[in-house]
S.K.: 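Dumping the structure here so I can ask a few things about it.
To find a chain, count down the sequence lines: A is the first, B the second, and so on, and within it residues start at 1.
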Amino acid sequence: MRLPRKSRFIWRSDGFRIYSSNRKFLWFLLPSLLGVSLFVLIPFGDVVRRSFTTALSGEFCGWDNYVSVFRNQAFRLAVKNTLRFVGVCLPILLVVSLVIALAMQWVPVLEKCKACYLLPMAMPAATVVLVWKLVFAKQGFLSGLLGVQYDFLAGDRAFWVLIATYVWKNLGYTVVLWLAALRTVPVDIKEAARVDGAGAVRIFFHITLPYLKGAAYTIGLLSFLNTFKVFREVYLIAGSYPGEEIYLLQHVFHNWYTKLDLDKMAAGAVLAAAVLGAVALFMGRLLEDED
Amino acid sequence: MRIRKRKWRKWIGALCAALPVAVLGLLFFLPIGILMSGSIADALEWQERLGPMLKEGEGFIGWRWIPDYPTGEHFKRLLFYSPGFLHLFWNSIWMVGRILAGQLLMGVPAAWAFAAFSFRGRRTLFQLYIILMLLPFQVTMLSRYLVLRELQLLNTSSSVILPAVFSTFPVFLVYRSFRGIPRELLEAARMDGAGELRIFLQIGLPLAKGGLFACFVLSFLESWNMMEEPLAFLKDKTLWPLSLYLPEISLAQAGFAAAASMITLTVSLFVFGLFRDSLEQGIAASGIKA
């Protein structure tokens with residue numbers, strides 16, 4: 001009989017988790033960690049260094065690059081638009097998907113529609129473009145439906161087309177997440193409330209919603225992550241310089257890259273990473289499923 | 001009497017909830033329907049339909065769900081007379097295949113390390129992975145460019161594949177389903193003297209199958225759809241994936257474009273249909289604490 005080798009793990013004071021004193025986790029982690037370091041962490045460190053130097057001579061220049069980023073008109077416009085976009089599309093997506101998930105929970109037959117809602121996820125951006133041009137062009141289907149020639153891909157209408165695209169693409173994903181979250185709400189508590197005479201609305205706001213809070217953070221984070229991916233559609237439909245309303249941060253970076261404006265890019269990347277990192281840390285604390 | 005009335009009201013309420021959801025679902029399906037019917041309409045019909053748009057005139061684009069003369073000419077042209085298209089198609093398949101294989105070899109074990117072991121710095125490191133997952137491509141574009149230039153990988157297919165292999169999203173996704181495995185099971189296996197590799201291969205992988213499939217599907221869709229990376233790092237058009245070729249077809253060849261889109265779409269729909277259930281489970285697992 002083989003005895004377990006020397007104690008490789010110890011019980012911690014919390015009595016549940018094990019502290020594995022062996023170093024075998026390294027075999028699993030190292031390949032990924034090395035790759036991530038090589039392709040992301042180390043070069044990003046270099047970018048941080050570059051953000052404080054001039055690209056041409058490599059001299060230290062303090063905060064100059066950051067100042068020039070902040071002074072940049074395009075950058076300001078893009079920050080404004082991106083904030084507006086995230087601020088509008090996230091609440092819409094989260095609320096609409098929650099309502100649909102609730103409807104599906106109420107009328108289970110509707111779960112058959114889930115596939116329809118998930119389908120847009122499988123639709124590559126490049127294939128969306130042709131359809132969008134047909135639907136939203138000045139002489140397109142939507143104009144035809146309304147009976148007026150509106151160009152939905154220009155001006156502020158383009159912004160709303162963008163919101164619609166984002167919701168269209170992510171609704172299925174979010175509905176599935178909400179449905180899973182709704183299943184974690186204990187039925188007996190809801191039942192008890194019903195017996196005590198609470199109406200459906202009250203049950204929702206006082207029992208279901210508080211239970212969903214934890215999941216809401218995760219779902220918000222994942223949806224936030226996907227807001228950046230909408231750039232593909234914008235880029236394909238409107239190119240590098242779209243209308244003022246849908247000029248996003250990604251466009252700024254993209255155009256700095258094509259112009260090889262390394263100074264601004266480095267400072268901009270560090271700024272963006274700092275902001276997103278803060279968001280992620282804040283959300284990540286809530287995402288951690290233990291401790 | 002009152003009870004029956006209430007029952008009726010409940011039914012009407014359910015119908016009121018069901019109809020919008022069903023209608024919206026159908027509406028979501030519409031773009032694919034448009035592509036399907038568009039891909040079998042011949043060039044002449046497309047010209048006629050798009051007339052008002054191409055001539056910038058009055059009136060609107062006409063549409064018939066079933067074309068007057070259904071034709072397979074676009075598909076025929078694509079599959080038999082466009083070597084370029086097929087070349088890019090295989091480019092895409094190859095690229096996606098290598099990315100997925102790489103993620104399986106690199107990302108999945110890393111997720112296992114985070115899920116099955118406790119070590120110093122685990123939380124911090126995992127949070128770092130989450131932050132990296134959140135960074136959009138444009139933020140890491142410069143650093144990627146720098147390292148690819150240093151390694152002389154620019155304008156090779158590796159410039160797109162390698163960074164994608166080390167994407168941290170799969171790690172995050174699979175971690176969640178590994179975490180769902182009861183710890184007692186792992187402890188018991190360790191007690192019985194099973195090696196760590198064996199525990200990973202014989203307990204971890206089979207029990208997290210749902211998460212792995214979901215990760216596979218999401219990664220597939222993501223890489224099949226990849227645009228920014230190849231656009232930034234691949235100058236040579238013969239290395240391009242299909243997703244960059246489609247937008248190059250002008251609206252004047254709309255039928256051709258629709259057929260090409262259909263082929264691109266069919267591949268991802270195929271994968272989607274094959275793994276739909278595990279995709280749903282995996283998505284659910286990625287968001288909800290087990």
S.K.: Can you say whether B:Phe137 sits under 4.5 Å from chain A via the side chain, the backbone, both, or neither, judging by heavy atoms?
M.R.: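 Contact with chain A involves no heavy atom of B:Phe137 at all.
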S.K.: Go through A:Val107, A:Val252, A:Leu236, A:Thr258 and name the one with the most non-hydrogen pairs under 4.5 angstrom from chain B.
M.R.: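 Ranked by contacts with chain B, first place is A:Leu236.
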S.K.: Between chain B and each of A:Met104, A:Lys229, A:Gln250, A:Arg183, count heavy-atom pairs under 4.5 Å; write down the option with the most.
M.R.: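 With the most close heavy-atom pairs to chain B, the winner is A:Gln250.
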S.K.: If I take atom CE from residue A:Met123 and atom OG from residue B:Ser261, how far apart are they, to the nearest 0.5 angstrom?
M.R.: 7.5 Å
S.K.: Is a side-chain donor or acceptor of A:Tyr117 paired with a backbone partner of B:Val21 at a separation under 3.5 angstrom?
M.R.: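 Checking the backbone N and O of B:Val21 against the side chain of A:Tyr117, a donor-acceptor pair under 3.5 Å is found.
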S.K.: How far apart are the closest heavy atoms of B:Met106 and A:Ser32, and which atoms are they?
M.R.: O-CB, 3.5 Å
S.K.: Side chain, backbone, both or neither: which part of B:Leu30 has a non-hydrogen atom closer than 4.5 Å to chain A?
M.R.: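 Neither the backbone nor the side chain of B:Leu30 comes within 4.5 Å of chain A.
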S.K.: Check whether any side-chain heavy atom of A:Phe39 sits under 4.5 Å from a side-chain heavy atom of B:Leu151, and report yes or no.
M.R.: yes
S.K.: Is B:Ala258 close to chain A through its backbone or its side chain, or both, or neither, when contacts mean heavy atoms under 4.5 Å?
M.R.: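 Both backbone and side chain.
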S.K.: Decide yes or no for A:Leu33 and B:Phe166: does some side-chain heavy atom of the first lie under 4.5 Å from some side-chain heavy atom of the second?
M.R.: no
S.K.: Backbone N or O of A:Ala122 within a donor-acceptor pair of the B:Ser268 side chain at under 3.5 Å?
M.R.: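 Here the side-chain-to-backbone pair exists.
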S.K.: For residues A:Leu119 and B:Leu269, determine if any side-chain heavy atom of one lies less than 4.5 Å from a side-chain heavy atom of the other.
M.R.: yes
S.K.: If I measure from the heavy atoms of chain A, does B:Leu242 come under 4.5 Å with its side chain, its backbone, both, or neither?
M.R.: neither
S.K.: B:Ser167 versus chain A, heavy atoms under 4.5 Å apart: side chain, backbone, both or neither?
M.R.: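 For B:Ser167, neither part sits under 4.5 Å from chain A.
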S.K.: Under the side chain to side chain contact (heavy atoms under 4.5 Å, CB included) rule, what do B:Leu279 and A:Val176 come out as? Steps first, then yes or no, please.
M.R.: CA-CA 10 Å; B:Leu279 176 69; A:Val176 172; over 6 Å; no
S.K.: Distance from A:Ile100 atom CD1 to B:Leu24 atom CG, nearest 0.5 Å?
M.R.: 5.0 Å
S.K.: Between atom CH2 of A:Trp256 and atom CD of B:Gln138, what is the distance when rounded to the nearest 0.5 Å?
M.R.: 12.0 Å
S.K.: B:Leu186 versus chain A, heavy atoms under 4.5 Å apart: side chain, backbone, both or neither?
M.R.: neither
S.K.: Can you check whether B:Ala232's main-chain N or O pairs, donor with acceptor, with A:Tyr257's side chain at less than 3.5 Å?
M.R.: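 The answer is yes, because a donor-acceptor pair under 3.5 Å joins these two groups.
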S.K.: Provide the full list of salt bridge (Lys or Arg N to Asp or Glu O under 4.0 Å) pairs with a residue in residues 167-181 of chain A, sequence neighbours left out, each pair given once.
M.R.: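 As it turns out, the salt bridge (Lys or Arg N to Asp or Glu O under 4.0 Å) pairs with a partner in residues 167-181 of chain A, which skip direct neighbours, are A:Lys169-A:Glu233.
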S.K.: Over all heavy atoms of both residues, which pair between B:Leu218 and A:Met121 is shortest? Give the atoms and the distance, please.
M.R.: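 Distance-wise, the nearest heavy atoms are CD2-CE, 3.3 Å.
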S.K.: For A:Val36, run the side chain to side chain contact (heavy atoms under 4.5 Å, CB included) check against B:Val165, B:Leu128, B:Thr168, B:Leu125 and tell me which one passes.
M.R.: B:Thr168
S.K.: Do you know which of B:Glu222, B:Arg276, B:Gln281 has the most heavy-atom pairs under 4.5 Å to chain A?
M.R.: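 Answer, by heavy-atom pair count under 4.5 Å with chain A: B:Glu222.
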S.K.: Quick check: do A:Leu130 and B:Leu246 have side-chain heavy atoms less than 4.5 Å from each other?
M.R.: no
S.K.: So for B:Leu148, is it side chain, backbone, both, or neither that comes closer than 4.5 Å to the heavy atoms of chain A?
M.R.: side chain
S.K.: Which bit of B:Leu146 comes within less than 4.5 Å of chain A, counting heavy atoms only: side chain, backbone, both or neither?
M.R.: side chain
S.K.: Less than 4.5 Å to any heavy atom of chain B: does that hold for the side chain of A:Leu110, its backbone, both, or neither?
M.R.: side chain
S.K.: Heavy-atom distances under 4.5 Å only: say whether B:Tyr145 touches chain A with side chain, backbone, both or neither.
M.R.: side chain
S.K.: Side chain from CB out, backbone as N, CA, C, O: work out which of these in A:Trp168 comes under 4.5 Å of a heavy atom of chain B, or both, or neither.
M.R.: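 Its backbone and side chain both get close to chain B.
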S.K.: Could you tell me which portion of A:Leu34 (side chain, backbone, both or neither) has an atom closer than 4.5 angstrom to a non-hydrogen atom of chain B?
M.R.: neither
S.K.: Select, from B:Ser243, B:Ala18, B:Pro163, the one with the greatest count of heavy-atom pairs under 4.5 Å involving chain A.
M.R.: B:Ala18
S.K.: Side chain, backbone, both or neither: which part of A:Leu271 has a heavy atom under 4.5 Å from chain B?
M.R.: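 Neither the backbone nor the side chain of A:Leu271 comes within 4.5 Å of chain B.
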S.K.: Under 4.5 Å from any heavy atom of chain A, what part of B:Tyr245 do you find: side chain, backbone, both or neither?
M.R.: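 It is neither, since no heavy atom gets under 4.5 Å.
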S.K.: Let me confirm one number: the CZ-SG distance from B:Phe28 to A:Cys116, rounded to the nearest 0.5 Å.
M.R.: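 Atom-to-atom, B:Phe28:CZ and A:Cys116:SG are 9.5 Å apart.
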S.K.: Closest approach of A:Pro43 and B:Ser143, non-hydrogen atoms and distance?
M.R.: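 Shortest heavy-atom contact: CB-O, 3.3 Å.
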S.K.: With respect to A:Phe28, which candidate in B:Phe117, B:Phe114, B:Phe119, B:Tyr175 satisfies the ring-ring contact (aromatic ring centres under 6.0 Å, His included) definition?
M.R.: B:Phe117
S.K.: Can you tell if the side chain of B:Leu265 reaches within under 4.5 Å of the side chain of A:Pro124, non-hydrogen atoms only?
M.R.: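 They are in contact (side-chain heavy atoms under 4.5 Å apart), so the answer is yes.
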S.K.: Just do the side chain to side chain contact (heavy atoms under 4.5 Å, CB included) check on B:Leu231 and A:His254 with the steps written out, would you?
M.R.: CA-CA 10 Å; B:Leu231 197 64; A:His254 182 86; 4.0 Å; yes
S.K.: Do you know the tightest heavy-atom contact between A:Ala272 and B:Val139?
M.R.: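 Closest pair (atom of A:Ala272, atom of B:Val139, distance): CB-CG2, 3.5 Å.
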S.K.: With a 4.5 angstrom heavy-atom cut-off, could you sort out which part of B:Ile32 is near chain A: side chain, backbone, both or neither?
M.R.: both
S.K.: Can you pull the salt bridge (Lys or Arg N to Asp or Glu O under 4.0 Å) pairs that have at least one residue in residues 34-51 of chain A, sequence neighbours excluded?
M.R.: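 Non-adjacent pairs meeting salt bridge (Lys or Arg N to Asp or Glu O under 4.0 Å): A:Asp46-A:Arg49, A:Asp46-A:Arg50.
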S.K.: With a 4.5 Å cut-off on heavy-atom pairs, point out which of A:Val40, A:Val135, A:Leu30, A:Thr127 contacts chain B the most.
M.R.: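 Top option by heavy-atom pairs under 4.5 Å: A:Thr127.
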S.K.: Between B:Met262, B:Gln103, B:Glu150, B:Glu228, which shows the greatest number of heavy-atom pairs under 4.5 Å with chain A?
M.R.: B:Glu228
S.K.: Identify the heavy atoms of B:Leu35 and A:Val131 that sit nearest to each other, and give their distance.
M.R.: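 Closest approach of B:Leu35 to A:Val131, heavy atoms only: CG-CG2, 3.6 Å.
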S.K.: Using non-hydrogen atoms only, which part of B:Ile34 is less than 4.5 Å away from chain A: side chain, backbone, both, or neither?
M.R.: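 Contact with chain A involves the side chain of B:Ile34 alone.
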S.K.: Are side-chain heavy atoms of A:Leu41 and B:Leu132 found at a separation under 4.5 Å?
M.R.: yes
S.K.: Check whether A:Val270 gets within reach of chain B through its side chain, its backbone, both or neither, counting any heavy atom under 4.5 Å.
M.R.: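 Contact with chain B involves no heavy atom of A:Val270 at all.
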S.K.: Examine whether an atom of A:Trp132 lies under 4.5 Å from a heavy atom of chain B, and if so say whether it belongs to the side chain, the backbone or both; otherwise answer neither.
M.R.: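 For A:Trp132, the contact with chain B is made by the side chain alone.
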S.K.: Pick whichever of A:Ala115, A:Gly45, A:Gly268 has the most heavy-atom pairs under 4.5 Å with chain B.
M.R.: A:Ala115
S.K.: Does any backbone or side-chain atom of A:Leu29 lie under 4.5 Å from a heavy atom of chain B? Answer side chain, backbone, both or neither.
M.R.: both
S.K.: Picking from B:Phe220, B:Phe200, B:Trp224, which has the most non-hydrogen pairs under 4.5 angstrom with chain A?
M.R.: B:Phe200
S.K.: Distance from B:Thr140 atom OG1 to A:Phe44 atom CZ, nearest 0.5 Å?
M.R.: 8.5 Å
S.K.: Within this structure, what is the CG-CD distance for the pair A:Leu177 and B:Glu280, rounded to the nearest 0.5 Å?
M.R.: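 So the CG of A:Leu177 and the CD of B:Glu280 are separated by 11.0 Å.
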S.K.: Which bit of A:Leu179 is near chain B, if near means a heavy-atom gap under 4.5 Å: side chain, backbone, both or neither?
M.R.: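 For A:Leu179, no heavy atom lies under 4.5 Å from chain B.
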